[in-house]
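Note sheet for the following structure.
Throughout, numbering of the chain's residues begins at 1 and tracks the sequence. Heavy atoms only: backbone and side chains are in, while hydrogens, waters and symmetry mates are out. Bear in mind that the values here come from a model prediction, so they are computed numbers and not experimental data.
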Amino acid sequence: IMIDSPTKNITPDINPELVAAFYEHLYELAEGDLNSTQIIIIDQSLVRPADGSPLSFKDRLMQRGDPDHPPLISYYDGP
(Lines give C-alpha, C1' and ligand atoms only; values in the text may rest on other atoms or scores of the structure.)
Protein backbone atom coordinates (compact mmCIF):
# COMPACT_ATOMS: atom_id res chain seq x y z
CA ILE A 1 0.00 0.00 0.00
CA MET A 2 1.32 3.45 -0.85
CA ILE A 3 -0.09 6.45 1.03
CA ASP A 4 0.92 9.86 -0.30
CA SER A 5 0.61 12.94 1.93
CA PRO A 6 -1.99 11.66 4.42
CA THR A 7 -1.51 14.75 6.59
CA LYS A 8 -1.10 17.30 3.79
CA ASN A 9 -3.40 19.91 5.34
CA ILE A 10 -3.14 18.71 8.93
CA THR A 11 0.41 19.29 10.13
CA PRO A 12 1.53 18.25 13.61
CA ASP A 13 1.87 21.89 14.67
CA ILE A 14 -1.77 22.61 13.71
CA ASN A 15 -3.48 19.46 14.99
CA PRO A 16 -1.02 17.09 16.68
CA GLU A 17 -3.76 14.89 18.15
CA LEU A 18 -5.27 14.14 14.75
CA VAL A 19 -1.90 13.39 13.16
CA ALA A 20 -0.94 11.09 16.06
CA ALA A 21 -4.33 9.33 15.94
CA PHE A 22 -4.00 8.68 12.20
CA TYR A 23 -0.56 7.13 12.54
CA GLU A 24 -1.48 5.13 15.65
CA HIS A 25 -4.41 3.64 13.76
CA LEU A 26 -2.30 2.92 10.68
CA TYR A 27 0.39 1.19 12.76
CA GLU A 28 -2.25 -0.85 14.60
CA LEU A 29 -3.57 -2.04 11.22
CA ALA A 30 -0.02 -2.80 10.09
CA GLU A 31 0.53 -4.94 13.18
CA GLY A 32 -2.83 -6.69 12.77
CA ASP A 33 -4.92 -7.17 9.62
CA LEU A 34 -2.20 -5.75 7.33
CA ASN A 35 0.74 -7.56 8.96
CA SER A 36 1.84 -9.13 5.66
CA THR A 37 1.51 -5.88 3.70
CA GLN A 38 4.29 -3.45 2.93
CA ILE A 39 3.17 0.13 3.55
CA ILE A 40 4.99 3.08 1.99
CA ILE A 41 4.11 6.50 3.40
CA ILE A 42 5.18 9.76 1.78
CA ASP A 43 4.61 12.67 4.13
CA GLN A 44 6.06 15.96 5.29
CA SER A 45 6.41 14.78 8.90
CA LEU A 46 7.87 11.59 10.31
CA VAL A 47 5.76 9.84 12.94
CA ARG A 48 7.44 6.65 14.09
CA PRO A 49 5.70 3.61 15.58
CA ALA A 50 5.68 3.45 19.38
CA ASP A 51 8.74 2.07 21.15
CA GLY A 52 8.54 -1.69 21.34
CA SER A 53 6.49 -1.98 18.16
CA PRO A 54 7.13 -5.21 16.24
CA LEU A 55 7.01 -3.37 12.91
CA SER A 56 10.03 -3.32 10.65
CA PHE A 57 10.34 0.43 10.08
CA LYS A 58 12.68 2.33 7.76
CA ASP A 59 12.71 5.98 6.85
CA ARG A 60 14.44 8.11 4.24
CA LEU A 61 14.65 11.89 4.19
CA MET A 62 14.73 13.33 0.67
CA GLN A 63 15.48 17.01 -0.01
CA ARG A 64 16.16 18.72 -3.31
CA GLY A 65 19.72 20.06 -3.48
CA ASP A 66 20.94 18.11 -0.45
CA PRO A 67 23.59 15.54 -1.44
CA ASP A 68 23.28 13.84 1.95
CA HIS A 69 19.51 13.34 1.42
CA PRO A 70 19.04 13.14 -2.36
CA PRO A 71 15.56 13.07 -3.93
CA LEU A 72 14.14 9.82 -5.28
CA ILE A 73 14.58 11.01 -8.89
CA SER A 74 17.94 12.76 -9.00
CA TYR A 75 17.45 14.59 -12.31
CA TYR A 76 13.92 15.90 -11.57
CA ASP A 77 13.76 19.57 -10.62
CA GLY A 78 10.02 20.26 -10.55
CA PRO A 79 7.80 22.36 -8.32
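A distance of 9.0 Å separates CD1 of I41 from CG of L46, quoted to the nearest 0.5 Å. Rounded to the nearest 0.5 angstrom, L34 CG and L26 CG are separated by 8.0 Å. In this structure, D4 CG and I40 CD1 are separated by 11.0 Å, a value rounded to the nearest 0.5 Å.
Contact detail for M62 and L72: the closest heavy-atom pair is SD-N, 3.4 Å. Nearest heavy-atom pair, I10 versus V19, reported as atom, atom and distance to 0.1 Å: O-CG2, 2.9 Å. In this structure, I3 and I1 approach most closely via the heavy-atom pair CG1-CG2, 3.9 Å. When all heavy atoms of I42 and P6 are compared, the closest pair comes out as O-CD, 3.6 Å.
In terms of modelled atom types and a separation under 3.5 Å, the side chain of R60 and the main chain of H69 share no donor-acceptor contact.
Heavy atoms of other residues, nucleotides or ligands lying less than 6.0 angstrom from CG of D33 number 12 at most.
Among residues at least two apart or in separate chains, side-chain hydrogen bond (donor to acceptor under 3.5 Å, both in side chains) pairs with a member in residues 44-58 are E31-S53, R48-D59. Counting only residues at least two apart or on different chains, the salt bridge (charged side-chain N to carboxylate O under 4.0 Å, His left out) pairs with a member in residues 62-75 are R64-D77.
Counting only heavy atoms from C-beta outward, the side chains of F22 and V47 never approach each other to under 4.5 Å.
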